[in-house]
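First comes the structure, then the notes that go with it.
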Protein chains: 2
Amino acid sequence: MTVEKDYQTELTIGDVTIDRQDVEMLAAIDDHGSMHAAADALGRSYARLQRRVVALEDAVGAVTERRRGGADGGGTELTPVARDLLRQFERHQTELDGVARATASVFPGTVVDRTGELGTVETPVGRIVALVPADDSSVQVSVRSDAVVLSASSGSADGAGAKEQTTAQTSLRNQFTGTVAAIDAADAIASVTLDLGEGQSLQTVITRTSLERLALESGADVQASFKATAARAIPVAEDG
Amino acid sequence: MTVEKDYQTELTIGDVTIDRQDVEMLAAIDDHGSMHAAADALGRSYARLQRRVVALEDAVGAVTERRRGGADGGGTELTPVARDLLRQFERHQTELDGVARATASVFPGTVVDRTGELGTVETPVGRIVALVPADDSSVQVSVRSDAVVLSASSGSADGAGAKEQTTAQTSLRNQFTGTVAAIDAADAIASVTLDLGEGQSLQTVITRTSLERLALESGADVQASFKATAARAIPVAEDG
DNA sequence: CGCCGTTGTATCGCCATGGACATAACGATG
DNA sequence: CATCGTTATGTCCATGGCGATACAACGGCG
């Protein structure tokens, strides 16, 4: 039994919420130039569609310019407001698509310190500074794989010295060293799995160019860094 | 007229989708120990709630253990499967909450090169290597503020040399220099707005500790870096 | 063995959603 | 002025979601 994480995007303006169906409706009107043709194309009833357009305009303002009469009988065109709405919806959706599809690595831990939204979480692989939401002590820290920065661990300077230096001049608060456990390279993007020890692994997505530039290969040592604001702690229930 | 970006999280298992209402229902059953009490607490009808539980079990499997009879008349308890569902839903939601609340900076541009999912986008502030979805040339590049790494620009080495060196040993493909335009510091987290020139700005969220460590103040020069896999290009309609 | 409070199940009715259909208004064109 | 295809609006009806109610089944307990 597989569980699919899903979501429905929508835009709320005042007291109406525009969902995917509304967006498809507006797009169809834009495509066909009339509400009748749009309703026909969508397999919906004209009456319902027209009512919805009126409802939207009541709440949002002028969304369409509707003409009736004339040689062609009239027609309906979208206003810039409507096009802007379509753009915003599209962008909202693709943004969520992007972040929702991205894989994440999860580390169990306990919150040992807290300052405002920020906290320090004790995990098997060390302490992670992350965003901690409410007042929970038992949490899971989730790190999106597109937020993890890899850097060569075998540079000229090595060990704690290099680490100190790097953290001192960037805003990367979390830094771990690990060995490359697996590389899954596609055309332009490669997924790299790091073994951090203690049975914990960290997933990263980097470009193939970076993969080659860092000369990564299975078993190699690398440093993985990520910002505290990219790590999010999620409360976990105490029971099993 | 403000537009609120919103979304409804849900879990899809087979042919049923569990939405927030279902989750609240299960949680109420867990709280009160019986479906009657849960329906009462939620202000819903018992019949409807009971039907929903049956429907869920038809699709998901044993979600509750329902006993009838006995001194107390019986009761309903959640199975570990149900608790696991609740956890998954909660985690899914907080994950989306986290990334959806995060602000993002947007740069208009055109795709000038493409390799698989990856592409190079020409923007007013320079070229950005980003994930480009479909075959569009006119795009907007969106960079989440929690994915931007700041580093001191006024280090010992300066200019192109330092830039080359940094990019060579990390997986950060995009690097820009800018001046701090605004700092909005909260308890533990600060929002930093960079001016990249050409009327473009880049927003970043960093910890207050990093803010102090980098000695950032308005007008200071900093280097902002982000991974190509953290930048997403979104197609934009050609018309206005 | 009856009591009790719960779970199971069926049925009715209300109401919102939405399609099907009819009718009017509109305005350029012939 | 009639035509024509569209918009605008109202009415009817089917469907589904959901509350309300009723009744049976259950099983420990007094």
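Residue numbers begin at 1 in each chain, while the letters A, B, ... track the order of the sequences.
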Can you tell me which nucleotide in D:dA8, C:dC21, C:dT6 comes closest to the side chain of A:A47?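 Nearest nucleotide to the side chain: C:dC21.
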Phosphate oxygens OP1/OP2 of C:dT7: is one of them under 4.0 Å from a side-chain N or O of B:H36?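 Checking C:dT7 against B:H36, a side-chain N or O does come within under 4.0 Å of OP1 or OP2.
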Whether A:T76 contacts D:dT6 is assessed here as follows: a side-chain N or O lying under 4.0 Å from the phosphate OP1 or OP2. Is that the case?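 No, because none of the side-chain N or O atoms of A:T76 sits under 4.0 Å from OP1 or OP2 of D:dT6.
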In whole angstrom, give the distance that lies between atom [atom1] of [X] and atom [atom2] of [N].
| X | N | atom1 | atom2 | answer |
| --- | --- | --- | --- | --- |
| A:L42 | C:dG19 | CG | C1' | 14 Å |
| B:M35 | C:dT7 | CE | P | 5 Å |
| B:D72 | D:dC26 | CG | C1' | 12 Å |
| A:R68 | D:dT3 | CZ | P | 20 Å |
| B:D19 | D:dG17 | CG | C1' | 13 Å |
| B:Q50 | D:dC23 | CD | C1' | 14 Å |
| A:D40 | C:dC21 | CG | P | 13 Å |
| A:R52 | C:dG18 | CZ | P | 9 Å |

Roughly how far apart are B:D6 CG and A:L11 CG, rounded to 0.5 Å?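 That separation rounds to 9.0 Å.
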Taking A:T79 for its side chain and A:A62 for its backbone only, find out whether a donor-acceptor pair lies under 3.5 Å.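 At least one qualifying donor-acceptor pair exists.
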Starting at the 5' end of DNA chain D, which residue's closest nucleotide do you reach first, A:Y46 or A:G70?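 That would be A:G70.
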Find which nucleotide of DNA chain D each of A:A37 and B:S45 is nearest to by heavy atoms, and output the residue with the more 5' nucleotide.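 Of the two residues, A:A37 wins.
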Side chains of A:R127 and A:V112, heavy atoms from C-beta outward: is any pair under 4.5 Å?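 Of all side-chain heavy-atom pairs linking A:V112 with A:R127, at least one is under 4.5 Å.
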Would you mind reporting whether A:R20 and A:F89 have side-chain heavy atoms less than 4.5 Å apart?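 They are in contact (side-chain heavy atoms under 4.5 Å apart), so the answer is yes.
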Considering heavy-atom distances to DNA chain C, does A:A71 or A:Q21 have its closest nucleotide positioned more toward the 5' end?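 The residue whose closest nucleotide sits nearer the 5' end is A:Q21.
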Regarding A:R66, tell me which of base, sugar-phosphate or nothing describes its non-hydrogen contacts under 4.0 Å with the strands shown.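 A:R66: backbone/sugar contact only, no base atoms under 4.0 Å.
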Need one value for A:R51: base, sugar-phosphate or nothing, where a base atom within 4.0 Å counts as base even if backbone is also close, heavy atoms only.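 The residue A:R51 makes base contact.
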Checking salt bridge (charged side-chain N to carboxylate O under 4.0 Å, His left out) against B:D146, which of A:K227, A:R173, A:R232 comes through?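 Among the candidates, only A:R232 passes.
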